[in-house]
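Below is one structure, written out as C-alpha coordinates; comments come after it.
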Amino acid sequence: MLTQRPRGTSDILPGVSEQWQRLEQAVRDTCRLYNFKEIRTPVFEHTELFARGVGETTDIVEKEMYTFTDRGDRSLTLRPEGTAGVVRAYVENKLFGSPDAVKMYYVGPMFRYEKPQKGRDRQFHQYGCEVFGSEDPGVDAEVIALNLHILDNLGVKGVTVELNSVGCSVCRPLHKKDMIERLLPVADRLCKDCQARLEKNPLRIFDCKNESCQALLKEVGAPTIAESLCDECQTHFSGVQGALDAMDVDYRLNPYLVRGLDYYTRTAWEYVVEGFSSIGGGGRYNGLVAQVGGPETPGIGFAGGMERVLMVLAEQSKEAVELPLLDLYVVGVDASGQLAAAKLLQQARKSGVSADRDYLQRSVKAQFKAADRLNARYVAVLGETEVAQGRVALKNLATGEQVDMTWADAILQVQQRGV
RNA sequence: GUGAGUGUGGCGAAGGGGUUAACGCACCGGAUUGUGAUUCCGGCAUACGUGGGUUCGAUUCCCAUCACUCACCCCA
(Lines give C-alpha, C1' and ligand atoms only; values in the text may rest on other atoms or scores of the structure.)
Protein backbone atom coordinates (compact mmCIF):
# COMPACT_ATOMS: atom_id res chain seq x y z
CA MET A 1 0.00 0.00 0.00
CA LEU A 2 2.80 2.31 0.92
CA THR A 3 4.25 2.12 -2.56
CA GLN A 4 0.99 1.91 -4.42
CA ARG A 5 -0.91 4.85 -5.74
CA PRO A 6 -4.60 5.11 -4.92
CA ARG A 7 -6.88 3.33 -7.34
CA GLY A 8 -7.78 5.32 -10.41
CA THR A 9 -4.90 7.75 -10.12
CA SER A 10 -1.81 7.86 -12.24
CA ASP A 11 1.71 9.21 -12.20
CA ILE A 12 2.57 11.34 -15.19
CA LEU A 13 6.22 10.52 -15.61
CA PRO A 14 9.02 12.24 -17.53
CA GLY A 15 8.63 11.24 -21.14
CA VAL A 16 4.87 11.64 -20.91
CA SER A 17 4.70 14.92 -19.03
CA GLU A 18 6.07 16.57 -22.17
CA GLN A 19 2.87 15.58 -23.97
CA TRP A 20 0.81 17.13 -21.21
CA GLN A 21 2.75 20.34 -21.47
CA ARG A 22 2.16 20.38 -25.19
CA LEU A 23 -1.57 19.91 -24.68
CA GLU A 24 -1.74 22.60 -22.02
CA GLN A 25 0.19 24.94 -24.24
CA ALA A 26 -2.20 24.37 -27.13
CA VAL A 27 -5.12 25.13 -24.83
CA ARG A 28 -3.54 28.36 -23.59
CA ASP A 29 -2.39 29.52 -27.00
CA THR A 30 -5.71 28.86 -28.67
CA CYS A 31 -7.75 30.38 -25.87
CA ARG A 32 -5.68 33.51 -26.17
CA LEU A 33 -6.57 33.74 -29.86
CA TYR A 34 -10.25 33.66 -28.91
CA ASN A 35 -9.73 36.14 -26.07
CA PHE A 36 -10.49 33.71 -23.27
CA LYS A 37 -8.75 34.39 -19.94
CA GLU A 38 -7.72 31.75 -17.47
CA ILE A 39 -9.56 31.24 -14.20
CA ARG A 40 -8.28 29.04 -11.40
CA THR A 41 -10.81 27.92 -8.84
CA PRO A 42 -10.37 25.65 -5.82
CA VAL A 43 -10.10 21.94 -6.31
CA PHE A 44 -12.76 21.46 -3.62
CA GLU A 45 -15.96 23.33 -2.99
CA HIS A 46 -18.90 23.11 -0.63
CA THR A 47 -20.74 19.90 -1.39
CA GLU A 48 -23.93 21.83 -1.82
CA LEU A 49 -22.57 23.62 -4.86
CA PHE A 50 -22.22 20.43 -6.84
CA ALA A 51 -25.38 18.87 -5.46
CA ARG A 52 -27.41 21.87 -6.59
CA GLY A 53 -25.40 22.86 -9.61
CA VAL A 54 -24.69 19.54 -11.27
CA GLY A 55 -28.03 18.11 -10.30
CA GLU A 56 -29.21 15.91 -7.43
CA THR A 57 -30.27 13.07 -9.66
CA THR A 58 -27.16 12.78 -11.78
CA ASP A 59 -24.86 9.78 -11.40
CA ILE A 60 -22.10 12.17 -10.47
CA VAL A 61 -23.90 13.48 -7.43
CA GLU A 62 -25.64 10.26 -6.50
CA LYS A 63 -22.65 8.00 -6.44
CA GLU A 64 -19.44 9.49 -7.71
CA MET A 65 -18.49 12.38 -5.47
CA TYR A 66 -15.43 12.47 -3.25
CA THR A 67 -17.06 14.08 -0.24
CA PHE A 68 -15.43 14.61 3.11
CA THR A 69 -15.96 16.57 6.29
CA ASP A 70 -13.22 18.94 7.33
CA ARG A 71 -12.17 19.75 10.88
CA GLY A 72 -14.70 22.54 11.04
CA ASP A 73 -17.52 20.11 10.25
CA ARG A 74 -18.04 21.48 6.76
CA SER A 75 -19.04 19.09 4.01
CA LEU A 76 -16.66 19.58 1.12
CA THR A 77 -16.30 17.77 -2.19
CA LEU A 78 -13.45 17.37 -4.62
CA ARG A 79 -14.73 18.90 -7.83
CA PRO A 80 -16.20 16.31 -10.22
CA GLU A 81 -16.32 18.82 -13.07
CA GLY A 82 -15.23 22.37 -13.74
CA THR A 83 -18.30 24.41 -14.54
CA ALA A 84 -19.92 24.59 -11.12
CA GLY A 85 -16.87 26.13 -9.49
CA VAL A 86 -16.43 28.64 -12.29
CA VAL A 87 -20.07 29.64 -12.02
CA ARG A 88 -19.69 30.03 -8.26
CA ALA A 89 -16.63 32.22 -8.76
CA TYR A 90 -18.46 34.26 -11.39
CA VAL A 91 -21.27 34.97 -8.97
CA GLU A 92 -19.17 35.41 -5.83
CA ASN A 93 -16.81 37.85 -7.50
CA LYS A 94 -19.67 39.63 -9.24
CA LEU A 95 -18.18 39.24 -12.66
CA PHE A 96 -21.70 39.73 -13.99
CA GLY A 97 -20.92 43.40 -13.54
CA SER A 98 -18.84 43.25 -16.70
CA PRO A 99 -20.23 45.16 -19.67
CA ASP A 100 -18.94 42.40 -21.96
CA ALA A 101 -19.55 38.71 -22.15
CA VAL A 102 -17.13 37.02 -19.76
CA LYS A 103 -14.94 34.43 -21.46
CA MET A 104 -12.81 32.16 -19.29
CA TYR A 105 -10.97 28.86 -19.49
CA TYR A 106 -9.54 26.44 -16.95
CA VAL A 107 -7.24 23.46 -16.85
CA GLY A 108 -6.96 21.04 -13.98
CA PRO A 109 -7.75 17.82 -12.16
CA MET A 110 -11.27 16.57 -11.50
CA PHE A 111 -12.37 13.73 -9.25
CA ARG A 112 -15.05 11.10 -9.59
CA TYR A 113 -15.35 7.87 -7.66
CA GLU A 114 -15.80 5.46 -10.56
CA LYS A 115 -14.51 2.08 -11.58
CA PRO A 116 -11.40 2.84 -13.58
CA GLN A 117 -11.11 1.71 -17.18
CA LYS A 118 -9.63 2.95 -20.39
CA GLY A 119 -9.76 6.75 -20.49
CA ARG A 120 -11.43 6.88 -17.12
CA ASP A 121 -9.61 7.63 -13.90
CA ARG A 122 -10.75 8.73 -10.48
CA GLN A 123 -8.49 11.69 -10.73
CA PHE A 124 -8.61 12.86 -14.30
CA HIS A 125 -8.01 16.16 -16.03
CA GLN A 126 -10.10 18.52 -18.04
CA TYR A 127 -9.63 21.78 -19.80
CA GLY A 128 -12.69 23.79 -20.49
CA CYS A 129 -14.10 27.13 -21.56
CA GLU A 130 -17.07 29.06 -20.35
CA VAL A 131 -18.87 32.15 -21.65
CA PHE A 132 -21.27 34.10 -19.48
CA GLY A 133 -23.72 36.76 -20.46
CA SER A 134 -24.69 36.03 -24.04
CA GLU A 135 -27.42 33.96 -25.60
CA ASP A 136 -26.25 34.72 -29.11
CA PRO A 137 -26.12 31.54 -31.21
CA GLY A 138 -22.84 32.87 -32.55
CA VAL A 139 -21.31 32.31 -29.13
CA ASP A 140 -22.40 28.69 -29.21
CA ALA A 141 -20.73 28.28 -32.57
CA GLU A 142 -17.58 30.01 -31.43
CA VAL A 143 -17.22 27.85 -28.36
CA ILE A 144 -17.78 24.72 -30.41
CA ALA A 145 -15.16 25.88 -32.89
CA LEU A 146 -12.67 26.79 -30.19
CA ASN A 147 -12.14 23.25 -29.04
CA LEU A 148 -11.99 22.05 -32.60
CA HIS A 149 -9.24 24.59 -33.09
CA ILE A 150 -7.33 23.29 -30.07
CA LEU A 151 -7.61 19.71 -31.24
CA ASP A 152 -6.55 20.68 -34.73
CA ASN A 153 -3.49 22.52 -33.40
CA LEU A 154 -2.49 19.37 -31.59
CA GLY A 155 -2.91 17.31 -34.70
CA VAL A 156 -5.83 15.21 -33.51
CA LYS A 157 -7.44 13.74 -36.60
CA GLY A 158 -10.96 12.64 -37.36
CA VAL A 159 -12.86 14.72 -34.84
CA THR A 160 -16.58 14.99 -35.42
CA VAL A 161 -18.90 17.38 -33.64
CA GLU A 162 -22.21 15.80 -32.73
CA LEU A 163 -24.81 18.44 -32.21
CA ASN A 164 -28.24 18.60 -30.66
CA SER A 165 -30.54 20.90 -28.80
CA VAL A 166 -32.04 19.61 -25.58
CA GLY A 167 -34.55 22.40 -25.25
CA CYS A 168 -35.23 24.71 -22.37
CA SER A 169 -37.19 24.77 -19.14
CA VAL A 170 -40.34 25.15 -21.18
CA CYS A 171 -40.13 22.49 -23.87
CA ARG A 172 -37.97 19.87 -22.24
CA PRO A 173 -40.30 19.06 -19.36
CA LEU A 174 -43.15 18.80 -21.85
CA HIS A 175 -41.20 16.38 -23.97
CA LYS A 176 -40.17 14.35 -20.96
CA LYS A 177 -43.76 14.15 -19.79
CA ASP A 178 -44.85 13.10 -23.24
CA MET A 179 -42.28 10.31 -23.39
CA ILE A 180 -43.23 9.00 -19.99
CA GLU A 181 -46.90 9.02 -20.87
CA ARG A 182 -46.26 7.02 -24.01
CA LEU A 183 -43.82 4.55 -22.53
CA LEU A 184 -45.11 3.98 -19.01
CA PRO A 185 -47.97 1.73 -20.10
CA VAL A 186 -45.53 -0.52 -21.95
CA ALA A 187 -42.64 -0.10 -19.54
CA ASP A 188 -42.44 -3.81 -18.84
CA ARG A 189 -41.37 -4.34 -22.44
CA LEU A 190 -38.35 -2.10 -22.03
CA CYS A 191 -35.00 -3.54 -21.04
CA LYS A 192 -33.94 -3.22 -17.45
CA ASP A 193 -31.64 -0.30 -18.16
CA CYS A 194 -34.32 1.57 -20.01
CA GLN A 195 -36.83 1.06 -17.25
CA ALA A 196 -34.43 2.91 -15.02
CA ARG A 197 -33.89 5.51 -17.73
CA LEU A 198 -37.60 6.08 -18.00
CA GLU A 199 -37.54 7.29 -14.42
CA LYS A 200 -34.37 9.29 -14.53
CA ASN A 201 -33.74 10.44 -18.06
CA PRO A 202 -36.17 9.16 -20.68
CA LEU A 203 -34.22 10.91 -23.43
CA ARG A 204 -31.52 8.35 -23.02
CA ILE A 205 -33.76 5.52 -24.15
CA PHE A 206 -33.13 6.71 -27.70
CA ASP A 207 -29.52 5.75 -27.08
CA CYS A 208 -30.26 2.15 -26.11
CA LYS A 209 -28.55 -0.47 -28.24
CA ASN A 210 -31.36 -2.90 -27.58
CA GLU A 211 -33.42 -3.44 -30.73
CA SER A 212 -36.64 -4.09 -28.87
CA CYS A 213 -36.41 -0.79 -27.06
CA GLN A 214 -35.90 1.02 -30.35
CA ALA A 215 -38.87 -0.80 -31.85
CA LEU A 216 -40.98 0.13 -28.90
CA LEU A 217 -40.08 3.79 -29.32
CA LYS A 218 -41.34 3.67 -32.88
CA GLU A 219 -44.44 1.78 -31.88
CA VAL A 220 -45.54 4.41 -29.40
CA GLY A 221 -44.46 7.17 -31.76
CA ALA A 222 -42.17 8.87 -29.26
CA PRO A 223 -40.75 12.07 -30.76
CA THR A 224 -37.14 13.10 -30.27
CA ILE A 225 -36.36 16.21 -28.31
CA ALA A 226 -35.25 17.86 -31.51
CA GLU A 227 -38.75 17.42 -32.90
CA SER A 228 -40.31 18.87 -29.79
CA LEU A 229 -38.48 22.14 -29.37
CA CYS A 230 -40.42 25.27 -28.63
CA ASP A 231 -40.23 28.09 -31.17
CA GLU A 232 -37.56 30.00 -29.31
CA CYS A 233 -35.35 26.96 -28.95
CA GLN A 234 -35.92 26.00 -32.56
CA THR A 235 -34.92 29.46 -33.70
CA HIS A 236 -31.85 29.45 -31.52
CA PHE A 237 -30.82 26.03 -32.74
CA SER A 238 -31.14 27.13 -36.36
CA GLY A 239 -29.04 30.15 -35.49
CA VAL A 240 -26.30 27.96 -34.11
CA GLN A 241 -26.26 25.83 -37.22
CA GLY A 242 -26.22 28.91 -39.41
CA ALA A 243 -23.25 30.30 -37.54
CA LEU A 244 -21.38 27.02 -37.76
CA ASP A 245 -22.06 26.87 -41.48
CA ALA A 246 -20.79 30.41 -41.88
CA MET A 247 -17.62 29.45 -40.01
CA ASP A 248 -17.17 26.34 -42.13
CA VAL A 249 -17.39 24.10 -39.12
CA ASP A 250 -18.59 20.59 -39.90
CA TYR A 251 -21.01 18.92 -37.54
CA ARG A 252 -23.39 16.01 -37.47
CA LEU A 253 -26.86 16.42 -36.04
CA ASN A 254 -27.60 13.77 -33.47
CA PRO A 255 -31.16 14.10 -32.18
CA TYR A 256 -30.44 11.43 -29.57
CA LEU A 257 -27.51 13.20 -27.98
CA VAL A 258 -28.10 13.69 -24.29
CA ARG A 259 -25.66 15.09 -21.78
CA GLY A 260 -25.38 13.75 -18.31
CA LEU A 261 -25.56 16.93 -16.33
CA ASP A 262 -28.86 18.47 -15.40
CA TYR A 263 -27.96 22.04 -16.09
CA TYR A 264 -27.78 21.89 -19.87
CA THR A 265 -30.27 23.83 -21.93
CA ARG A 266 -30.58 24.19 -25.67
CA THR A 267 -27.30 23.52 -27.48
CA ALA A 268 -25.51 20.33 -26.50
CA TRP A 269 -22.60 18.76 -28.32
CA GLU A 270 -19.81 16.26 -28.13
CA TYR A 271 -16.48 15.79 -29.81
CA VAL A 272 -16.12 12.21 -30.92
CA VAL A 273 -13.32 10.40 -32.67
CA GLU A 274 -13.98 7.26 -34.65
CA GLY A 275 -12.98 4.25 -32.61
CA PHE A 276 -12.88 6.10 -29.32
CA SER A 277 -15.48 7.39 -26.98
CA SER A 278 -16.21 11.06 -26.68
CA ILE A 279 -13.15 13.18 -25.97
CA GLY A 280 -15.06 16.25 -24.90
CA GLY A 281 -18.48 17.76 -24.69
CA GLY A 282 -20.34 20.86 -23.82
CA GLY A 283 -23.58 22.65 -23.70
CA ARG A 284 -25.46 25.77 -22.88
CA TYR A 285 -26.62 26.28 -19.29
CA ASN A 286 -28.90 29.25 -19.18
CA GLY A 287 -30.36 28.54 -15.76
CA LEU A 288 -27.24 27.65 -13.86
CA VAL A 289 -26.04 31.05 -12.74
CA ALA A 290 -29.43 31.83 -11.24
CA GLN A 291 -29.59 28.36 -9.75
CA VAL A 292 -26.40 29.09 -7.86
CA GLY A 293 -27.72 32.39 -6.59
CA GLY A 294 -26.61 34.89 -9.20
CA PRO A 295 -28.66 37.04 -11.51
CA GLU A 296 -30.40 35.37 -14.43
CA THR A 297 -27.44 34.96 -16.80
CA PRO A 298 -27.00 32.76 -19.83
CA GLY A 299 -23.90 30.62 -19.98
CA ILE A 300 -22.27 28.05 -22.22
CA GLY A 301 -19.16 25.97 -22.13
CA PHE A 302 -17.40 22.73 -22.92
CA ALA A 303 -14.86 20.47 -21.28
CA GLY A 304 -12.22 18.33 -22.91
CA GLY A 305 -10.90 15.17 -21.35
CA MET A 306 -7.14 15.50 -21.34
CA GLU A 307 -6.39 11.82 -20.80
CA ARG A 308 -8.66 11.03 -23.71
CA VAL A 309 -7.18 13.59 -26.03
CA LEU A 310 -3.70 12.31 -25.25
CA MET A 311 -4.85 8.75 -25.75
CA VAL A 312 -6.15 9.53 -29.21
CA LEU A 313 -3.01 11.45 -30.01
CA ALA A 314 -0.78 8.57 -28.90
CA GLU A 315 -2.83 6.15 -30.97
CA GLN A 316 -2.74 8.32 -34.07
CA SER A 317 0.96 9.14 -34.03
CA LYS A 318 2.56 5.74 -33.83
CA GLU A 319 6.11 6.88 -34.42
CA ALA A 320 8.22 7.07 -31.30
CA VAL A 321 8.22 10.39 -29.53
CA GLU A 322 11.57 12.04 -30.02
CA LEU A 323 13.54 12.54 -26.84
CA PRO A 324 14.21 16.22 -26.22
CA LEU A 325 17.75 17.24 -27.01
CA LEU A 326 20.32 18.02 -24.40
CA ASP A 327 22.75 20.67 -25.63
CA LEU A 328 25.84 19.52 -23.82
CA TYR A 329 27.12 16.58 -21.78
CA VAL A 330 30.33 17.16 -19.87
CA VAL A 331 32.62 14.20 -19.38
CA GLY A 332 35.09 14.33 -16.52
CA VAL A 333 37.89 11.87 -16.97
CA ASP A 334 39.02 11.88 -13.34
CA ALA A 335 38.19 13.59 -10.08
CA SER A 336 39.73 16.91 -11.06
CA GLY A 337 38.01 16.60 -14.41
CA GLN A 338 34.64 16.22 -12.70
CA LEU A 339 35.38 19.23 -10.53
CA ALA A 340 36.14 21.25 -13.63
CA ALA A 341 33.02 19.80 -15.20
CA ALA A 342 30.92 21.19 -12.37
CA LYS A 343 32.36 24.61 -13.12
CA LEU A 344 31.92 24.36 -16.88
CA LEU A 345 28.35 23.17 -16.43
CA GLN A 346 27.39 26.26 -14.49
CA GLN A 347 28.92 28.54 -17.09
CA ALA A 348 27.12 26.71 -19.84
CA ARG A 349 23.75 26.79 -18.09
CA LYS A 350 24.06 30.48 -17.31
CA SER A 351 24.60 30.98 -21.03
CA GLY A 352 21.34 29.23 -21.76
CA VAL A 353 22.85 25.91 -22.70
CA SER A 354 21.13 22.85 -21.24
CA ALA A 355 23.83 20.65 -19.81
CA ASP A 356 24.41 17.67 -17.58
CA ARG A 357 27.12 15.26 -16.46
CA ASP A 358 27.70 11.91 -14.76
CA TYR A 359 27.34 11.64 -11.01
CA LEU A 360 28.09 7.96 -10.64
CA GLN A 361 31.88 7.92 -11.05
CA ARG A 362 31.54 5.99 -14.25
CA SER A 363 34.13 5.33 -16.89
CA VAL A 364 34.63 7.67 -19.80
CA LYS A 365 33.10 5.09 -22.08
CA ALA A 366 30.04 4.84 -19.88
CA GLN A 367 29.77 8.62 -19.78
CA PHE A 368 29.75 8.75 -23.55
CA LYS A 369 27.05 6.13 -23.64
CA ALA A 370 25.04 8.22 -21.23
CA ALA A 371 25.49 11.27 -23.46
CA ASP A 372 24.18 9.21 -26.34
CA ARG A 373 21.18 8.01 -24.35
CA LEU A 374 20.34 11.55 -23.32
CA ASN A 375 20.42 12.60 -26.95
CA ALA A 376 23.14 15.15 -26.29
CA ARG A 377 24.36 17.23 -29.22
CA TYR A 378 27.82 17.89 -27.85
CA VAL A 379 30.17 16.28 -25.39
CA ALA A 380 32.85 18.32 -23.64
CA VAL A 381 35.73 16.21 -22.37
CA LEU A 382 37.75 17.38 -19.38
CA GLY A 383 40.81 15.27 -18.62
CA GLU A 384 44.20 15.88 -17.13
CA THR A 385 45.50 17.71 -20.16
CA GLU A 386 42.47 19.94 -20.64
CA VAL A 387 42.27 20.89 -16.98
CA ALA A 388 45.97 21.74 -16.91
CA GLN A 389 45.66 23.95 -19.98
CA GLY A 390 42.30 25.45 -19.14
CA ARG A 391 40.83 24.06 -22.34
CA VAL A 392 38.23 21.50 -23.34
CA ALA A 393 37.77 18.91 -26.08
CA LEU A 394 34.41 19.55 -27.69
CA LYS A 395 32.94 16.70 -29.68
CA ASN A 396 29.94 16.94 -31.96
CA LEU A 397 28.12 13.65 -31.46
CA ALA A 398 26.36 13.78 -34.79
CA THR A 399 29.47 14.27 -36.92
CA GLY A 400 31.98 12.71 -34.55
CA GLU A 401 34.37 15.59 -35.03
CA GLN A 402 36.26 16.73 -31.96
CA VAL A 403 38.20 19.97 -31.49
CA ASP A 404 40.32 21.30 -28.65
CA MET A 405 39.35 24.86 -27.65
CA THR A 406 38.79 27.29 -24.80
CA TRP A 407 35.75 26.98 -22.57
CA ALA A 408 34.30 30.21 -23.88
CA ASP A 409 34.61 29.06 -27.47
CA ALA A 410 33.04 25.73 -26.62
CA ILE A 411 30.02 27.36 -25.02
CA LEU A 412 29.75 29.76 -27.93
CA GLN A 413 29.78 26.93 -30.42
CA VAL A 414 27.11 24.97 -28.57
CA GLN A 415 24.99 28.11 -28.33
CA GLN A 416 25.26 28.86 -32.02
CA ARG A 417 24.37 25.38 -33.15
CA GLY A 418 21.60 25.39 -30.63
CA VAL A 419 19.25 27.73 -32.41
C1' G B 1 -22.42 -0.93 -8.86
C1' U B 2 -22.47 -5.66 -12.50
C1' G B 3 -19.58 -9.20 -15.52
C1' A B 4 -14.95 -11.31 -17.58
C1' G B 5 -9.56 -11.80 -17.86
C1' U B 6 -4.65 -11.02 -15.79
C1' G B 7 -0.80 -10.46 -11.67
C1' U B 8 6.98 -14.07 -12.17
C1' G B 9 13.59 -9.20 -11.59
C1' G B 10 13.80 -2.12 -14.01
C1' C B 11 11.06 -3.94 -18.71
C1' G B 12 9.40 -8.24 -21.78
C1' A B 13 8.68 -13.29 -21.05
C1' A B 14 9.04 -19.21 -20.08
C1' G B 15 7.93 -22.65 -16.51
C1' G B 16 5.69 -25.65 -13.17
C1' G B 17 3.34 -29.51 -6.18
C1' G B 18 9.60 -31.07 -4.53
C1' U B 19 16.59 -29.24 -3.63
C1' U B 20 20.51 -23.43 -7.82
C1' A B 21 12.98 -20.30 -11.15
C1' A B 22 15.00 -20.35 -17.82
C1' C B 23 15.81 -16.74 -21.56
C1' G B 24 15.75 -11.84 -23.92
C1' C B 25 16.20 -6.45 -23.27
C1' A B 26 18.32 -2.84 -20.18
C1' C B 27 22.32 -1.70 -16.93
C1' C B 28 27.72 -2.14 -15.00
C1' G B 29 32.98 -3.74 -15.78
C1' G B 30 36.76 -5.59 -19.08
C1' A B 31 38.98 -6.75 -24.05
C1' U B 32 40.28 -0.71 -26.11
C1' U B 33 46.03 3.77 -19.64
C1' G B 34 40.50 9.12 -21.90
C1' U B 35 35.48 8.49 -26.41
C1' G B 36 29.32 6.86 -28.50
C1' A B 37 28.52 1.07 -32.91
C1' U B 38 29.31 -4.25 -33.40
C1' U B 39 31.51 -8.55 -31.23
C1' C B 40 33.47 -11.42 -27.20
C1' C B 41 34.16 -12.29 -21.82
C1' G B 42 32.41 -11.39 -17.02
C1' G B 43 28.88 -9.17 -13.57
C1' C B 44 24.02 -7.59 -11.82
C1' A B 45 19.23 -7.77 -9.04
C1' U B 46 14.95 -8.26 -1.60
C1' A B 47 11.17 -11.70 -8.98
C1' C B 48 6.57 -15.65 -8.51
C1' G B 49 0.85 -8.96 -5.90
C1' U B 50 -0.93 -9.73 -0.49
C1' G B 51 -3.21 -12.86 3.34
C1' G B 52 -5.11 -17.46 4.59
C1' G B 53 -6.05 -22.82 3.44
C1' U B 54 -4.90 -27.95 1.45
C1' U B 55 -0.08 -30.65 1.62
C1' C B 56 5.56 -33.86 4.34
C1' G B 57 6.42 -29.68 0.90
C1' A B 58 2.94 -24.29 -2.74
C1' U B 59 5.54 -19.64 -6.95
C1' U B 60 2.39 -23.83 -9.03
C1' C B 61 -3.93 -26.28 -6.33
C1' C B 62 -8.25 -23.76 -3.40
C1' C B 63 -10.41 -19.32 -1.01
C1' A B 64 -10.23 -14.33 0.05
C1' U B 65 -8.20 -9.69 -0.81
C1' C B 66 -5.69 -5.81 -3.50
C1' A B 67 -4.22 -3.94 -8.16
C1' C B 68 -4.36 -3.72 -13.43
C1' U B 69 -7.03 -4.54 -18.15
C1' C B 70 -11.63 -4.92 -20.88
C1' A B 71 -16.97 -4.56 -21.32
C1' C B 72 -21.76 -2.71 -19.17
C1' C B 73 -23.88 1.53 -16.52
C1' C B 74 -22.40 6.46 -16.97
C1' C B 75 -19.17 10.01 -18.52
C1' A B 76 -14.37 13.69 -20.16
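Because the structure is predicted, anything quoted here is derived from the model rather than measured. Lettering of chains follows the sequences in order, A, B, ..., and the numbering in each one begins at 1.
Consecutive Watson-Crick or G-U pairing (both distances under 3.5 Å) extending over three or more pairs maps onto RNA chain B as B:1-7 with B:66-72, B:10-12 with B:23-25, B:27-31 with B:39-43, B:49-53 with B:61-65.
Summarising the geometry, the separation between CZ on A:F368 and C1' on B:rU32 is reported as 14 Å, rounded to the nearest angstrom. The separation between A:Y263 atom OH and B:rC75 atom C1' is 12 Å, rounded to whole Å. The distance from atom CZ of A:R122 to atom C1' of B:rA76 is 16 Å, rounded to the nearest whole Å. For A:K369 and B:rU35, the NZ to C1' distance is 12 Å, given to the nearest whole Å. Between A:Q117 atom CD and B:rU6 atom C1' there is a gap of 16 Å when expressed in whole angstrom units. Nucleotide B:rC70 holds its C1' atom 15 Å from the CZ atom of A:F276, rounded to whole Å. Protein atom OH of A:Y264 is 10 Å distant from nucleotide atom P of B:rC75, rounded to whole Å. At whole-Å resolution of the value, NZ in A:K200 and P in B:rC74 are 8 Å apart.
By the 30° and 60° cut-offs, the orientation of the rings of A:Y113 relative to A:Y66 is perpendicular. Using bins of under 30°, 30° to 60° and over 60° for the plane-to-plane angle, the ring pair A:W269/A:F302 lands in the tilted bin.
Across B:rC28, B:rA76, B:rG34, the shortest atom-to-atom separation from the side chain of A:L261 is found for B:rA76. The nucleotide whose nearest atom lies closest to any side-chain atom of A:R112 is, among B:rG30, B:rC74, B:rC75, B:rC75. Across B:rG29, B:rC75, B:rA67, the shortest atom-to-atom separation from the side chain of A:R120 is found for B:rC75. Nearest nucleotide to the A:V333 side chain, out of B:rG34, B:rU2, B:rC73: B:rG34.
With salt bridges taken as basic N to acidic carboxylate O contacts below 4.0 Å, none links A:R28 and A:E24. Using a cut-off of 4.0 Å between Lys/Arg side-chain N and Asp/Glu carboxylate O, A:E114 and A:R122 are scored as not salt-bridged.
A:E114 comes within 4.0 angstrom of a base, heavy atoms only. Using a 4.0 Å heavy-atom cutoff across all strands shown, A:I279 reaches sugar-phosphate atoms only and no base atom. Residue A:G280 is in sugar-phosphate contact alone, with no base atom involved, counting any heavy-atom pair closer than 4.0 Å across all strands shown.
Between the side chain of A:E386 and the base of B:rG34 there is at least one donor-acceptor pair of N/O atoms closer than 3.5 Å. No hydrogens or angles were tested; on distance alone, nothing pairs the side chain of A:R204 with the base of B:rC73 as donor and acceptor under 3.5 Å. For A:T385 against B:rG34, a side-chain-to-base donor-acceptor contact under 3.5 Å is present.
By the 4.5 Å heavy-atom criterion applied to side chains, A:Y127 and A:M306 are counted as neighbours. The closest side-chain heavy-atom distance from A:Y251 to A:L253 is below 4.5 Å. A:E64 places none of its side-chain heavy atoms less than 4.5 Å from the side chain of A:F111.
OP1 or OP2 of B:rG36 lies within a sub-4.0 Å distance of a side-chain N or O belonging to A:K365. Between A:K118 and the phosphate of B:rC70, there is a side-chain N or O to OP1/OP2 separation shorter than 4.0 Å. Residue A:R197 places at least one side-chain N or O under 4.0 Å from the OP1 or OP2 atom of B:rC74.
Using a 4.0 Å cut-off on heavy atoms, none of the residues of residues 160-168 of chain A approach RNA chain B. Listed in residue order, the members of residues 249-257 of chain A having a heavy atom less than 4.0 Å from RNA chain B come to none.
When the P atom is used for both B:rG49 and B:rA21, the distance is 16 Å, rounded to whole Å. B:rU65 and B:rA47 are spaced 28 Å apart, taking the P atom of each and rounding to whole Å. The C1' atoms of B:rU38 and B:rU32 are separated by 14 Å, rounded to the nearest whole Å.
Residues A:F36 and A:Y105 keep their aromatic ring centres 6.0 Å or farther apart.
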